[in-house]
Colleague: 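Sharing a structure with you now.
So you know, we letter chains A, B, ... as the sequences are listed, proteins then strands, and number each from 1. Atoms considered below: every heavy atom in the structure, side chains included; atoms not considered: hydrogens, waters and symmetry mates.
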2 protein chains.
Amino acid sequence: MTRPTVNDIAREAGVSLATVDRVLNARPGVRDKTIHAVNDAIRRLGYVRDVAAANLARGRDYRMAIFLPDTESQFVQTLIDALQEAAAGAATARVGMELHRFPAEDMHALAAQLAALPARDLSGVALMAPETPVVRDAVKALRAKGLPVVAIVSDLPNTERDHYVGIDAQASGRTAGVLMGRFLGGARGRVMVIANSMHLRESIERRRGFDEVMQRNFPGIEVLQSLETHGQPATLRQAVRQMLAHAPDVTGIYLLGSGHRALAAVLSEFGLLGRVTVIGHELTPHTRQALESGHMDAVITQNLGHLARSALRVLRAKADRQPIDESQETLRIEIVIRENLPPATA
Amino acid sequence: MTRPTVNDIAREAGVSLATVDRVLNARPGVRDKTIHAVNDAIRRLGYVRDVAAANLARGRDYRMAIFLPDTESQFVQTLIDALQEAAAGAATARVGMELHRFPAEDMHALAAQLAALPARDLSGVALMAPETPVVRDAVKALRAKGLPVVAIVSDLPNTERDHYVGIDAQASGRTAGVLMGRFLGGARGRVMVIANSMHLRESIERRRGFDEVMQRNFPGIEVLQSLETHGQPATLRQAVRQMLAHAPDVTGIYLLGSGHRALAAVLSEFGLLGRVTVIGHELTPHTRQALESGHMDAVITQNLGHLARSALRVLRAKADRQPIDESQETLRIEIVIRENLPPATA
DNA sequence: GCATTTTTGAGGGACGTACCTCATGCTTGC
DNA sequence: GCAAGCATGAGGTACGTCCCTCAAAAATGC
C-alpha cells in the first residue's frame, strides 16, 4: 500500500539496513554480489528514494546568487518577479536565492562583485550579462573556486559557464521573421528594424535570424538598416520620424529591444498606429498592453517563470554534480498574439 | 544563515514549541494574543514551513487515478508519456498515479469503472472524457464520496468537477483563426474545415472561435462547412477529394482534430501539398513532422508536460483542501511553427 | 590454520515537522 | 478565594533517510 522504505529493502534482500544504505549511497565496502542482491530487491519492490527525507537528513542548504543589471526595464523587473516566485517555490527544496544588481554598463563592477562572493557559503551563481573579456575572466574565476555558473537570458558561450538557460536568440529572430513575412502577405514591402544597441549579442543574433528568413523566404521584402536607440525614447522617436519621412511606405517594424511605447507615440503621429505590422520581443506589461490594443501584432517571448525555475533547478543539479534533464530545461520560443495572450499574472 | 525552524519561532516568540505547533496547525486552545505573538515572530524571522519535513511527519500519501480513453491516437499516447513523467517527478511529493483506460465510445463503462473505485484509498481522480449525462452523474457520485475530480484536456463545465486543466477550446479556435486569416494575407480565399466529429464539445468550440474571428476580421474569406471524418483516414481522404473537386480554389485548411497524414496524402494527389495553408491542433510526432516538412503551417497546442504536472498539483491541493494558485495552473495556448518547434523530447 | 583484511550487522543520533499526553500555571466567574 | 476551565509547557514518538561508530562475521592471503 505505502511506498517501500529502506527497511523493506533490507528485509527483502536479507541484509542489514547499513548495507542497504551503503549500496544506495555508493559507499565502499560491499561485495559485488551483495550490491546485486540489494539492487534486485530495490527493483522488485519498486523502491524510489524519498528525496524529501533524504534532503532533510542531509541537512543540505543551497544558496544561489543571481546577478542582474540594474536597469529599470520592465523586462528585468518581470524577471525579478519570476525569480522571486521561483525562489519561494524552491524553498521546499531547501534552495535560497539572493539577488544582486550591478551597474548595467560597468562590467568591472560586476567582476568585482563576483570576485567578492563568499564561495564557501554559496552553491551557485546565475547571471545575465553581456559577454566581455572581463566577464569571461570573472566566470572563469568562479568556476575555479568550484562554483557552478549559469548564464540566463543572454548566453555566454565562450566562457566556462556550466549551462545556459534561455532561448536561442537567432531562432527567435527567425521566428519573428517568418511571422513578419507571412503577416505582410508575402508581398513586397519595407521593414524597419529598431534596436537598443547593435553591440549586444542578443540584438545581433536576433537580427541575423530575422535577415536569414527574410532573404530566403521573402525576398520581395526589403529590410532596412537597424536604428539604434540606446534605450532613449527620445532617440527612438527622432530616428523613427526621420526614417518615416524618407520611407513612408514602411509596412512592418521589427523591434529588437524595448521602446514599444515610444514607438506607438511616433506611429500615431503619422497615423500609422495599427496599420503597420509590429513584431517585438519579450512579453512585459508594456508589450501585453500593445498587443491588447492592437498596436503590436506579435511578441516572441520566453516564459520567465520557467526560466527562473529552470535556472534554480540547473544550479541545484550542478551543485550536486548531478546530470541535467535537458528536455525539461529547454525553454520554448513562444509566439504571443492578442488571441493567445495569457491572463495577466496580477 | 540557515532557515529558521519552529524552535527558533518558539524562542523568538517566548512561547513553547507546543504552542507554536498549535498556531501553525490551527489547533484550538491558544489565546488570540499568543497567536499574534507567534505570527509576529514568524513574520520577523521569515519562517517558511519545511513542506518536505511536514509531509514526512504527516506520513501522507496521495494516490491519484487518471482516466483516459483507450484510443490509440498519438495525442493520447503523448499525454500518457507526459503523465508518467509528471508522476515520476511527483513521487518526491509522495504522489502516486494509476492510469485507467476506458472504451472511448462507452461512457457507461467509464461510469462503472469510476463507481468501482475504492474511494478510501484514493486522493483524487482526473479524467479526459466528453460530457454526457452518464459522465455527469458519475462525477457527481465521486464528489459525493469526497473525492476531488479534475477534468483534463476537455472540460466538463456542467458537472461538479473541482477544476479544469487544459486550454480554452474556443480561444484556441480564435487563435487558429487569426493565424489563418493573416497567413492568407487577409485577402479573399476559401477555407476547408475538417473535424473528427462535430458532436465533440472540443470541435464545436474550436470551430465557434475560428468562425468568430473569421467573420469579424476576415470577411473576405469564406469558411466552408465542416467535414466529419470520424477518425477514419479513408473517410477523410474521400471527403476531401470530393470537396476539392467542387472547390479547387481552397487556400486554407483548418484541421480541428486528427488526420494530418491522411490529409497530406490527399493534398499531394492534387499537387497542393505545401501550397495551401494548413493549421491544426496539438503537437504530436505527426504534427511535428508535418511542420518540419512544411506540410503544415502552424499548430495550436498546449504543453502536455505542464498539463500533467498541473493536474497532479491541483488534485493534491484539492485533497488537502488547500487553495490553488490559479496563475500557476493556467495553461498557455501555444503557437508552434517550424521556426519555434521545440526539440523532440525523446 | 592463523593473521589480516574486507564485509556485514547493530545501533543510534540527526534533520524539521506533526501529533499526542500529561502536568501545571493562569484566568475566569461566582 | 476557590473550583472549574482554559492556556501553555515539557516531553515523547514518529516519518524516511543519512551518516557515524563499534563489533562481529566472513573472506582472503600465505
Side-chain angles (χ1 to χ4, degrees), chain A residues 1-42 45-62 90-96 320-322, chain B residues 1-39 41-42 45-62 90-96 319-322:
Chain A
M1 210 80 269
T2 55
R3 282 169 42 175
T5 74
V6 275
N7 283 295
D8 299 323
I9 300 180
R11 203 174 327 110
E12 175 80 11
V15 300
S16 79
L17 206 130
T19 300
V20 173
D21 179 68
R22 290 183 183 109
V23 174
L24 275 177
N25 297 287
R27 273 185 259 279
V30 187
R31 275 184 306 172
D32 281 2
K33 207 179 105 189
T34 316
I35 294 186
H36 259 91
V38 171
N39 280 328
D40 270 4
I42 289 179
L45 297 180
Y47 168 83
V48 270
R49 188 202 229 94
D50 185 327
V51 191
N55 278 337
L56 218 209
R58 266 202 200 95
R60 185 114 167 63
D61 263 8
Y62 305 84
T92 307
R94 324 184 70 70
V95 174
D320 287 344
R321 294 201 168 66
Q322 287 207 328
Chain B
M1 214 77 269
T2 56
R3 281 170 45 177
T5 74
V6 276
N7 282 296
D8 298 323
I9 300 179
R11 204 175 326 110
E12 176 79 12
V15 300
S16 79
L17 204 130
T19 300
V20 173
D21 179 68
R22 290 180 183 112
V23 173
L24 275 177
N25 296 288
R27 273 186 259 278
V30 188
R31 274 183 306 174
D32 281 4
K33 209 178 105 189
T34 316
I35 294 185
H36 259 93
V38 172
N39 281 328
I42 289 179
L45 296 181
Y47 168 82
V48 272
R49 187 203 230 91
D50 184 328
V51 192
N55 278 338
L56 218 209
R58 270 204 195 92
R60 185 114 167 63
D61 262 9
Y62 306 84
T92 307
R94 325 183 70 70
V95 173
D320 287 344
R321 295 202 168 66
Q322 287 208 329

Colleague: Rounded off to whole Å, could you give me the CG-to-C1' distance for the A/Asp50 and D/dA14 pair?
Modeller: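 Value for this atom pair: 14 Å.
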Colleague: How many Å lie between CG on B/Leu17 and P on D/dG12, as a whole number?
Modeller: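 That distance rounds to 13 Å.
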Colleague: Any chance you could measure B/Ile35, atom CD1, to B/Arg22, atom CZ, to the nearest 0.5 Å?
Modeller: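 Answer for the CD1-CZ pair, B/Ile35 versus B/Arg22, is 11.5 Å.
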Colleague: Would you name the heavy atoms of A/Ala10 and A/Ser16 that are closest together and state the gap between them?
Modeller: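 Of all heavy-atom pairs spanning A/Ala10 and A/Ser16, the closest is CB-C, 4.0 Å.
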Colleague: Could you tell me whether B/Ala18 contacts a base, only the sugar-phosphate backbone, or nothing, with contacts defined as non-hydrogen atoms closer than 4.0 Å?
Modeller: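 Base contact.
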Colleague: Closest to the B/Ala57 side chain: D/dC18, D/dT17, D/dC15?
Modeller: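 The nucleotide sitting nearest to the side chain is D/dC15.
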Colleague: First and last nucleotide of DNA chain C in contact with chain B, 5' to 3', at under 4.0 Å to a heavy atom: what are they?
Modeller: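 Using the under 4.0 Å cut-off, the span is C/dG16 to C/dC19.
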Colleague: What is the distance, rounded to the nearest whole Å, between atom CG of B/Asp32 and atom C1' of D/dA7?
Modeller: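 In whole Å, D/dA7 C1' and B/Asp32 CG are 12 Å from each other.
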Colleague: Would you kindly give the CZ-to-P distance between A/Arg58 and D/dG16, to the nearest whole Å?
Modeller: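 Result: 17 Å.
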Colleague: D/dC15 C1' sits how many Å from A/Asp8 CG, rounded?
Modeller: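 After rounding, the reported distance stands at 13 Å.
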Colleague: Near DNA chain C, under 4.0 Å by heavy atom, which residues of residues 21-30 of chain B?
Modeller: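 Heavy-atom cutoff 4.0 Å gives B/Asp21, B/Asn25, B/Arg27.
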Colleague: Let me know, please, whether B/Leu56 or B/Val15 comes out on the 5' side of the other along DNA chain D by nearest nucleotide.
Modeller: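 Final value for this comparison: B/Val15.
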Colleague: Measure the CZ-CG distance between B/Arg11 and B/Leu17 for me, rounded to the nearest 0.5 Å.
Modeller: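 One gets 10.5 Å once the value is rounded to the nearest 0.5 Å.
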Colleague: What is the distance, to the nearest angstrom, from the OH atom on B/Tyr62 to the C1' atom on D/dC15?
Modeller: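 Spelled out: OH on B/Tyr62 to C1' on D/dC15 is 14 Å.
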Colleague: Using the side-chain contact (heavy atoms from CB on, under 4.5 Å) definition, which of the options B/Val6, B/Val15, B/Val30, B/Ile9 pairs with B/Val23?
Modeller: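 Going through the options one by one, the only one that passes is B/Val30.
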Colleague: Taking all atoms of both residues into account, what is the closest heavy-atom pair of A/Ala13 and A/Ala41, and its distance?
Modeller: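 For A/Ala13 and A/Ala41, the tightest heavy-atom pair comes out as CB-CB, 3.7 Å.
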Colleague: What heavy-atom pair brings A/Asn55 and A/Tyr62 nearest, and what distance separates the two atoms?
Modeller: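 Nearest heavy atoms, A/Asn55 then A/Tyr62: OD1-OH, 4.4 Å.
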Colleague: Do the non-hydrogen side-chain atoms of B/Arg49 and B/Asn25 ever get within less than 4.5 Å of each other?
Modeller: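 When only atoms from C-beta onward are counted, B/Asn25 and B/Arg49 do touch, with a gap below 4.5 Å.
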Colleague: Take A/Val6 and B/Gly14, find for each the nucleotide of DNA chain D with the closest heavy atom, and name the residue whose nucleotide sits nearer the 5' end.
Modeller: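 This one resolves to B/Gly14.
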Colleague: Roughly, in whole Å, what's the span from CZ in A/Arg31 to P in D/dA25?
Modeller: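 Rounding to the nearest Å, CZ of A/Arg31 and P of D/dA25 are 15 Å apart.
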Colleague: Does OP1 or OP2 of D/dT8 have a side-chain N or O of B/Thr19 closer than 4.0 Å?
Modeller: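 So the side chain of B/Thr19 is outside the cut-off, no N or O lying under 4.0 Å from OP1 or OP2 of D/dT8.
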Colleague: Look up atom OG1 in A/Thr19 and atom CG in A/Leu24, then write down how far apart they are to the nearest 0.5 Å.
Modeller: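 Rounded to the nearest 0.5 Å, the OG1-CG separation comes to 11.0 Å.
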Colleague: Can you check side chain to side chain contact (heavy atoms under 4.5 Å, CB included) on A/Thr5 and A/Asp50, steps first, answer last?
Modeller: CA-CA 8 Å; A/Thr5 74; A/Asp50 185 327; over 6 Å; no
Colleague: Using whole Å, report how far CG of A/Asn7 lies from P of D/dA14.
Modeller: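 That distance rounds to 13 Å.
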